[in-house]
**Student:** 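Before I ask anything, here is the structure I am working with.
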Amino acid sequence: MLVYAVQVNLELGNIEKNVAKIFSYLKDVEKGSLVLLPEMFSCGFDNENLERHTKETPAVYKRLKEISHEKHLVISGTLPERSRKGIYNKAFVIDNGEIVYKQAKVKLFRPTGEHRYYKAGRNFDVTESSNGNLGIMICFELRFPNISYTLRKKGVEIILVPSQWGKARKKHLEILSKARAIEDQSFVIVSNTTGKIGDIEYAGSSGIYDPWGETLAFIDEEEGVIKADINLNDVYRIRKKIKMDI
């Protein structure tokens, strides 16, 4: 099956422009594919205006569900969502037009003050989808091997990493992406932003990695979409070749 990662530069707070850019890529992906979008792709970390942006999230979901249904896509990424307890940076999985899973970011990135604007989630889980068993590690969470270990124990086949990862730590993103694939014997898909968004320069370096740690697709700092044709049987072939007690 085909899997995609989208890499874009965002305009802080401009939901209409950002979503239009995302859909310009979605319209060209093959039917039946899995597509990963970046973290907070609708508005970026326009944290001072989150209340306004959360009101637009249902409309973004509606459009994503429509194209997911039309093209039989599995789509994931993160968007800002409000609940009674506060605002969350929440990952989602849309499968054939239906939202089948959500997970709030647990490990908030304190150097950029995320903890001042977002409530932290609590749980990590694996969800079954039309394109395999999916686990999600949102950006900073990629640094925590205990999280990927938890997903591995729960039967993950593909780890999705929606991100806005800073350019100052570009090499860390590339190394950790491969490390998570190797240690968990899973596919890893990373979708990051690139260029300057607000005051922060982002790393790019979106990639698709196989369970042996090989790079199947990679994009450096330009905008664009990458894809790879993967076979989930590779997960079990490699896990059988090198047995790990999980």
Side-chain angles (χ1 to χ4, degrees), residues 3 5-8 10 18 22 34-47 50 53-54 57 60-61 64 74-83 85-94 99-127 129 133-152 154 156 158-166 169-170 172-174 176-177 179-181 184 186-194 197 200 202-209:
V3 296
V6 176
Q7 178 166 292
V8 292
L10 301 173
N18 295 333
I22 291 294
L34 167 64
V35 187
L36 181 61
L37 308 176
E39 180 183 22
M40 294 287 288
F41 62 85
S42 66
C43 58
F45 283 102
D46 185 26
N47 295 329
L50 280 176
H53 297 322
T54 59
T57 293
V60 178
Y61 275 134
L64 290 171
V74 174
I75 304 173
S76 185
T78 92
L79 289 166
E81 282 197 46
R82 166 165 276 292
S83 74
K85 294 183 178 180
I87 294 173
Y88 293 84
N89 176 355
K90 192 164 286 190
F92 61 86
V93 175
I94 299 174
I99 297 173
V100 297
Y101 182 70
K102 288 186 179 181
Q103 175 182 304
K105 189 173 186 178
V106 175
K107 299 291 186 181
L108 302 176
F109 193 56
R110 298 182 73 88
T112 55
E114 288 182 18
H115 60 291
R116 299 200 301 268
Y117 299 95
Y118 303 89
K119 299 289 287 184
R122 293 186 176 182
N123 300 311
F124 298 93
D125 210 343
V126 170
T127 184
S129 80
N133 297 336
L134 310 178
I136 302 173
M137 301 176 73
I138 304 172
C139 198
F140 182 48
E141 293 172 348
L142 186 65
R143 289 185 177 271
F144 296 83
N146 59 311
I147 296 173
S148 59
Y149 178 82
T150 297
L151 298 176
R152 173 71 167 82
K154 293 186 175 188
V156 73
I158 304 173
I159 296 175
L160 305 176
V161 190
S163 301
Q164 286 207 52
W165 193 287
R169 300 168 298 280
K170 178 181 176 74
H172 293 185
L173 175 59
E174 296 171 16
L176 290 168
S177 299
R180 297 295 89 90
D184 293 300
S186 305
F187 287 98
V188 170
I189 305 174
V190 180
S191 172
N192 195 30
T193 51
T194 190
I197 305 172
I200 300 175
Y202 289 92
S205 297
S206 298
I208 302 170
Y209 305 91

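Start at 1 with the first residue, then count along the sequence.
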**Student:** For E81 and Y88, indicate whether the former's side chain and the latter's backbone hold a donor-acceptor pair under 3.5 Å.
**Tutor:**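 Flag not set: sc E81 to bb Y88 has no pair under 3.5 Å.
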
**Student:** In the structure I gave you, are the side-chain heavy atoms of E114 and F45 within less than 4.5 Å of one another anywhere?
**Tutor:** yes

**Student:** Just so I know, are the side chains of V93 and S76 near enough to count as touching, which here means a heavy-atom distance under 4.5 Å?
**Tutor:**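 Contact flag for V93/S76 side chains = yes.
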
**Student:** Hey, what do you get for CZ (F124) to CD1 (I147), rounding to the nearest 0.5 Å?
**Tutor:**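 Atom-to-atom, F124:CZ and I147:CD1 are 3.5 Å apart.
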
**Student:** For the residue pair S205 and E174, confirm or rule out a side-chain donor-acceptor distance under 3.5 Å.
**Tutor:**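 E174 and S205 do have a side-chain donor-acceptor pair below 3.5 Å.
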
**Student:** Checking K119 side chain against A104 main chain: does a donor-acceptor pair fall under 3.5 Å?
**Tutor:**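 Not a single qualifying donor-acceptor pair exists.
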
**Student:** Check for a donor-acceptor pair, side chain of K170 on one end and backbone N or O of A203 on the other, with a separation under 3.5 Å.
**Tutor:** yes

**Student:** Measure the spacing between CD1 of I136 and CD of Q103 and express it to the nearest 0.5 Å.
**Tutor:**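 Rounded to the nearest 0.5 Å, the CD1-CD separation comes out at 5.5 Å.
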
**Student:** Any chance you could measure R169, atom CZ, to L142, atom CG, to the nearest 0.5 Å?
**Tutor:** 12.0 Å

**Student:** Do V3 and F187 touch side chain to side chain, with heavy atoms closer than 4.5 Å?
**Tutor:** no

**Student:** Measure the spacing between CG of L36 and OG1 of T78 and express it to the nearest 0.5 Å.
**Tutor:** 10.0 Å

**Student:** With a 4.5 Å cut-off on side-chain heavy atoms, are I189 and L34 touching?
**Tutor:**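 Yes - at least one pair of side-chain heavy atoms lies under 4.5 Å apart.
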
**Student:** Is there a donor-acceptor pair closer than 3.5 Å between any side-chain N or O of N133 and the backbone N or O of V156?
**Tutor:**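 Checking the backbone N and O of V156 against the side chain of N133, no donor-acceptor pair under 3.5 Å is found.
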
**Student:** Return the OH to CD1 distance between Y117 and I87, rounded to the nearest 0.5 Å.
**Tutor:**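 The OH atom of Y117 sits 11.0 Å away from the CD1 atom of I87.
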
**Student:** Apply side-chain contact (heavy atoms from CB on, under 4.5 Å) to K105 and M40, showing your working.
**Tutor:** CA-CA 11 Å; K105 189 173 186 178; M40 294 287 288; over 6 Å; no

**Student:** Hey, which of S206, S191, S163 is the one that makes side chain to side chain donor-acceptor pair (under 3.5 Å) with Q7?
**Tutor:** S206

**Student:** Side chains of F92 and L64: closer than 4.5 Å at any heavy-atom pair?
**Tutor:**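 Yes, at least one pair of side-chain atoms sits under 4.5 Å.
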
**Student:** Can you check whether S148 reaches I159 side chain to side chain, under 4.5 Å on heavy atoms?
**Tutor:** yes

**Student:** How long is the straight-line distance from CE of M137 back to CZ of F144, given to the nearest 0.5 Å?
**Tutor:** 9.0 Å

**Student:** Show your working on side-chain contact (heavy atoms from CB on, under 4.5 Å) between T112 and I200 and close with a plain yes or no.
**Tutor:** CA-CA 10 Å; T112 55; I200 300 175; 3.9 Å; yes

**Student:** Would you name the heavy atoms of I138 and A91 that are closest together and state the gap between them?
**Tutor:**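 Closest approach of I138 to A91: CD1-CB, 3.8 Å.
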
**Student:** Any donor and acceptor pair, going by atom type alone, linking the side chain of N192 with main-chain N or O of W165 inside 3.5 Å?
**Tutor:** yes

**Student:** Can you tell if the side chain of V161 reaches within under 4.5 Å of the side chain of L176, non-hydrogen atoms only?
**Tutor:**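 Counting from C-beta outward, V161 and L176 never come under 4.5 Å.
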
**Student:** I'd like to know if the side chain of S186 reaches the main chain of A181, judged simply by a donor and an acceptor atom lying under 3.5 Å from each other, with no hydrogens or angles considered.
**Tutor:** no

**Student:** Flag the pair L79 / V60 as yes when at least one side-chain heavy-atom distance between them is below 4.5 Å, and no otherwise.
**Tutor:** yes

**Student:** Can any side-chain N or O of Q164 pair as donor or acceptor with the backbone N or O of E39 at less than 3.5 Å?
**Tutor:**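 Confirmed, Q164 side chain pairs with E39 backbone.
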
**Student:** Specify the closest pair of heavy atoms between L37 and P162, including all atoms of both residues, with the distance to one decimal.
**Tutor:** O-CB, 3.4 Å

**Student:** Is a donor from one side chain sitting under 3.5 angstrom from an acceptor on the other, for N47 and Y118?
**Tutor:**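 Their side chains do contain a donor-acceptor pair, which is all the 3.5 Å distance test asks for.
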
**Student:** How far apart are the closest heavy atoms of T193 and P38, and which atoms are they?
**Tutor:**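 So the minimum-distance heavy-atom pair works out to CG2-CB, 3.9 Å.
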
